[in-house]
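What follows is one structure encoded as C-alpha cells, with my remarks underneath.
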Amino acid sequence: MAIAISQEAFDSMVRENMEDLGMDPDEALADAVEALTLQGADLSGIIKRVPGEATATEVSPVVRVLDELKASHSASGGSEQDLDGLVSLLDELRGLCCSDEGSENAAIAVRNGVVEALVALCASARVQQERLLVSALKTLSSVLRDVASTEKFRQSEGPKIVMDLLKGGSENSDLLDAGFSAVAAGSAGNEVVKESFMDLKVDELILRVMKDKSKANVQSLYDAIRVLLTPDDNRVVASQVYGYSRRFAEIGVAEVLVNALHEQVAPSSLPSACAALKSIAVNDEICRSISENGGIDVLLQCIDEAGEQKNKVIARSCCSLLSKLAASDANKSVIIQRGGFDRFLKLTSRFSEDPAIIQEVMSMVTVLTLRSPENAARAMEVGYGTLAIQSMERFPSSGQTQKQACLMIRNLVVRNPENRTILLNDGAEKLIRKAKALHGSCKDAASSALRDLGLDNYNA
C-alpha cells in the first residue's frame with residue numbers, strides 16, 4: 001500500500017525546502033516530489049505547486065469548478081436558471097475528469113471533496129429534476145476510480161441515495177443509465193460497496209427494470225451486473241460474489257437476460273449483456289438452466305450473424321459466454337448437436353487474420369473436447385487439428401494464440417492416440433517447441449502438449 005500524504009503535508013515539505021535548505025521554488029517543488037515518490041507516497045491528487053505563489057484554484061481548473069459547484073449548490077433556489085448553472089458546472093467538471101489528464105483531475109477532485117459534494121447534491125435533488133440528476137450521476141461515475149473514492153462514496157451513504165433515485169426514476173431511461181453507471185463505478189474493486197448494494201436489494205431492482213422491455217438497452221445495467229458479480233477487491237481473501245451470482249440466478253435474472261438476447265437487446269448492448277450473463281453462470285445448474293431457456297441457441301445465432309456482419313466484438317463476446325456455458329457436460333452435447341463445431345470453424349474463416357477471434361474459438365473447442373474422446377475425434381474430423389497448426393504458423397508472435405493452440409492440441413490427443421500421428425506429421429512438434437522457446441507464457445502448455453503427443457523429451 002502506498003503511503004498516504006495530505007496536500008498540507010506536501011505544501012509544508014516544499015516550504016521547508018525553501019526556508020530551511022535555501023532551495024529556489026522550482027528546485028524545492030521538484031525535490032519534494034522526488035523524495036516522496038522514493039518513499040512510496042501516493043501523490044495522486046496532490047496539486048504540485050509552490051505555496052504562496054499560487055492558490056489551488058489558480059493552479060487546478062478542477063478545484064475552481066468544484067468550488068463554484070459547491071457554492072452554487074448552497075445558494076441554489078431551485079429555479080430553472082439555477083439548475084442550468086449547476087448542470088453546466090457538472091458537465092465542465094465531468095469533461096475535466098474524462099480528458100487526457102482525467103485520471104489526475106479525478107484524483108484531485110476526490111481529495112477536494114467531490115464525492116461527498118455530488119452525493120449530497122443527488123440527495124437534495126428531486127427525482128423530477130432529471131437533467132440535474134443525470135449530469136450529477138454521470139459526473140459521480142467519472143470520479144469513482146479507486147478504493148479511496150469508492151470508500152468515500154460508501155461513507156457518504158452513496159449506495160442508498162443512488163438506489164433511492166433508481167427506484168424513484170425507473171420510468172426514465174437516461175436516469176436509469178446514469179444511476180446504474182454509478183452502481184458499476186462505485187462497486188468496482190470494492191467488496192463492501194457490492195455488499196451494500198446487495199443489502200439494498202439491487203438484484204431485485206435490476207430484475208424489475210429488465211422485465212420492462214422498453215428499458216432493455218440500458219447498457220449500464222448490464223455493466224452493473226458484471227461488476228457486482230466480479231471478485232475484484234484485492235483486499236478480500238474470500239469474496240461473496242459467488243453467492244450473489246446464485247441469488248441473481250435464483251430470482252430469475254439469468255432467464256430474463258436470455259429473453260433479452262432473444263428479443264430486444266441492441267447490437268451495441270449485446271457484448272455487455274453477454275458479460276453480465278457470463279458473470280451469473282457460476283455453476284453447472286445455472287449453466288444448464290440458461291441452455292434450457294434457449295441461451296445456447298440464441299448465442300449460436302448471434303455468432304452466425306456476427307460472422308456475416310464481420311462484427312468481431314459481438315463474435316468474441318458470444319464465444320466467451322458460450323465457453324463458460326460449455327463447462328457443463330450437458331451443454332457440450334447441445335452445442336455439438338446444434339452444429340457448433342462447423343459454425344465455429346466457419347467463423348474462423350471469416351476472421352482468418354484476427355488472432356483474438358481464433359483464440360476464442362480454440363478456447364471453446366478446448367472446453368468442448370475436455371474429457372471427451374468422442375468430441376475430440378469429431379473436432380479432428382472437421383478440421384480443428386489443421387486450425388491449430390495454421391494458427392501457430394500464421395501468428396508466431398502472439399503468445400496467447402500459441403498457448404491456446406497448445407491447450408487445444410492437448411485435448412485433441414490426450415485420449416485419442418490416433419490423432420497424435422496426424423498432428424506430428426503436420427509439424428506440430430516443431431511449432432510447439434518454437435512457441436515454448438519464444439513465449440514464457442507458453443512453457444507449461446507447450447510442455448504438456450508435447451507430453452500428450454507421446455514425446456519423451458517434452459521438457460527439453
Side-chain angles (χ1 to χ4, degrees), residues 44-47 56-76 80-154 156-159 161-163 165-166 169 172-190 193 218-224 227 268 272:
S44 60
I46 293 291
I47 300 172
T57 302
E58 292 170 335
V59 173
S60 171
V62 173
V63 175
R64 174 187 59 78
V65 175
L66 184 54
D67 287 346
E68 290 181 21
L69 179 65
K70 291 175 181 177
S72 297
H73 180 217
S74 299
S76 175
E80 195 66 31
Q81 185 176 1
D82 289 339
L83 293 180
D84 287 343
L86 285 170
V87 170
S88 178
L89 287 168
L90 287 166
D91 291 346
E92 184 179 358
L93 181 58
R94 185 168 69 257
L96 289 167
C97 293
C98 296
S99 65
D100 291 341
E101 296 83 28
S103 180
E104 183 60 21
N105 284 339
I108 291 172
V110 169
R111 278 188 182 266
N112 285 274
V114 70
V115 175
E116 296 87 342
L118 291 172
V119 170
L121 192 157
C122 289
S124 64
R126 299 186 304 276
V127 172
Q128 292 78 11
Q129 295 172 323
E130 293 167 356
R131 195 162 60 93
L132 174 63
L133 285 171
V134 168
S135 185
L137 288 167
K138 286 182 176 179
T139 306
L140 181 60
S141 298
S142 73
V143 300
L144 295 175
R145 299 185 177 215
D146 54 22
V147 172
S149 57
T150 55
E151 274 299 295
K152 290 177 184 289
F153 174 67
R154 181 183 66 82
S156 304
E157 296 191 6
I161 290 164
V162 170
M163 284 291 290
L165 291 174
L166 285 168
N172 184 288
S173 293
D174 290 337
L175 184 54
L176 287 173
D177 188 49
F180 281 117
S181 290
V183 172
S187 302
N190 194 317
V193 175
V218 178
Q219 181 170 322
S220 63
L221 181 150
Y222 304 124
D223 296 334
V227 173
S268 60
S272 295

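Just so it is clear, the model here is predicted, and its values are computed rather than measured.
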- Item | Point-to-point distance, once rounded to the nearest 0.5 Å, from CZ of Arg94 to CG of Leu96 | 11.0 Å

- Message: Between Ser149 and Leu144 (side chain of the first, backbone of the second, donor and acceptor by atom type, cut-off under 3.5 Å), is there such a pair?
- Response: no

- Message: For a 4.5 angstrom cut-off between non-hydrogen side-chain atoms, does Ile108 reach Leu66?
- Response: no

- Message: Has Ser60 got a side-chain atom pairing as donor or acceptor with Val62's backbone, closer than 3.5 angstrom?
- Response: yes

- Evaluate salt bridge (Lys or Arg N to Asp or Glu O under 4.0 Å) for Arg131 paired with Asp84, printing each intermediate quantity in order. CA-CA 9 Å; Arg131 195 162 60 93; Asp84 287 343; 2.2 Å; yes

- Nearest 0.5 Å, what's the CG-CG distance between Leu93 and Asn105? 9.0 Å

- Over all heavy atoms of both residues, which pair between Val119 and Ser156 is shortest? Give the atoms and the distance, please. CG1-O, 3.4 Å

- Note on the structure: For Leu133 and Ala125 the tightest heavy-atom approach is CD2-CB, 3.6 Å

- Message: If the condition is side-chain hydrogen bond (donor to acceptor under 3.5 Å, both in side chains), which residues does Ser44 pass it with, not counting sequence neighbours?
- Response: Asp42

- Task: Determine the minimum heavy-atom distance between Arg145 and Ala106, stating which atoms define it.
- Result: NE-CB, 3.6 Å

- Report the distance from atom OG of Ser141 to atom CG of Asp177, rounding to the nearest 0.5 Å. 9.0 Å

- Query: Between Val162 and Phe153, is any pair of side-chain heavy atoms under 4.5 Å apart?
  - Reply: yes

- Query: Does some side-chain heavy atom of His73 sit less than 4.5 Å from a side-chain heavy atom of Leu86?
  - Reply: yes

- Task: Hey, could you give me the CG/CD distance between Asn190 and Glu151, rounded to the nearest 0.5 Å?
- Result: 5.0 Å

- Item | Test item: Val227 and Ser187 side chains (from C-beta on) under 4.5 Å apart, heavy atoms | yes

- Item | Contacts of Ser181 that satisfy side-chain hydrogen bond (donor to acceptor under 3.5 Å, both in side chains) - sequence neighbours left out | none

- Item | Pairwise side-chain contact, Thr139 with Cys97, heavy-atom cut-off 4.5 Å (strictly under) | no

- Query: Quick one: salt bridge (Lys or Arg N to Asp or Glu O under 4.0 Å) partners of Glu130, sequence neighbours excluded?
  - Reply: none

- Message: Rounded to the nearest 0.5 Å, what separates atom CG in Leu89 from atom CG in Asp67?
- Response: 11.0 Å

- Message: Check this for me, if you would: do Lys138 and Asp91 make a salt bridge, where the nitrogen-to-carboxylate-oxygen distance has to be below 4.0 angstrom?
- Response: no

- Leu69 and Val114: CA distance, side-chain angles, deciding distance, side-chain contact (heavy atoms from CB on, under 4.5 Å) verdict: CA-CA 9 Å; Leu69 179 65; Val114 70; 5.6 Å; no

- Query: Is there side-chain contact between Val183 and Asp223, with at least one heavy-atom pair below 4.5 Å?
  - Reply: no

- Would you give the length of the straight line joining atom CG of Leu175 to atom CG of Leu166, rounded to the nearest 0.5 angstrom? 6.5 Å

- Task: State, with a plain yes or no, whether a side-chain heavy atom of Leu121 is found less than 4.5 Å away from one of Leu132.
- Result: yes

